[in-house]
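Everything below concerns the one structure shown next.
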Amino acid sequence: MSRKKLYTTAVIYFLIVIGFITMPPTVNLINRIEPYILGFPCFQFFILLTAVLIGVGLMAWFKLEEKIDNKENMGGEQ
C-alpha cells in the first residue's frame with residue numbers, strides 16, 4: 001500500500017465516521033429510536049461508538065504508516 005492510498009483511505013474513513021454522527025438525515029433517524037443500547041440512550045451510544053471508531057481508525061493508521069516507513073527504509077538502505 002502506498003502512502004497516498006493510505007491517506008486517501010483514511011480521509012474517506014474519517015469523513016464517513018464523522019459524517020454519520022453529524023449529518024441531519026442520520027441524526028433524525030437516530031433521534032427517533034427510543035430504546036437504550038448498553039444502558040445509553042440511542043444517540044449517546046452512537047456518539048460513544050463514533051469516538052471508539054475514530055480511536056480504532058487512528059491506531060490502524062499509525063500501524064499502517066509505520067509499516068510503510070519500514071518498507072521505505074529497508075528499500076533505501078539496499
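- Here CG of L64 is found 5.5 Å from CG of L6. Values are rounded to the nearest 0.5 Å.
- Between I12 atom CD1 and Y7 atom OH the span is 15.0 Å, to the nearest 0.5 Å.
- With a 4.5 Å cut-off on side-chain heavy atoms, V17 and I21 do not count as touching.
- With V11 as the partner, the side-chain contact (heavy atoms from CB on, under 4.5 Å) test is satisfied by one option alone out of T9, T8, L15: L15.
- Closest approach of Y13 to G57, counting heavy atoms only: CE2-CA, 3.7 Å.
- A distance of 12.0 Å separates CZ in F43 from CG in L49, rounded to the nearest 0.5 Å.
- One hydrophobic cluster holds both L48 and F20 under the rule that ILVMFWY side chains link at heavy-atom gaps under 4.5 Å.
- Both I18 and W61 are part of a single hydrophobic cluster, where members link through side-chain heavy atoms under 4.5 Å apart.
- Both I47 and F14 are members of a single hydrophobic cluster when ILVMFWY side chains are connected at heavy-atom separations under 4.5 Å.
- Atom-to-atom distance recorded for R3:CZ and K71:NZ is 12.0 Å, nearest 0.5 angstrom.
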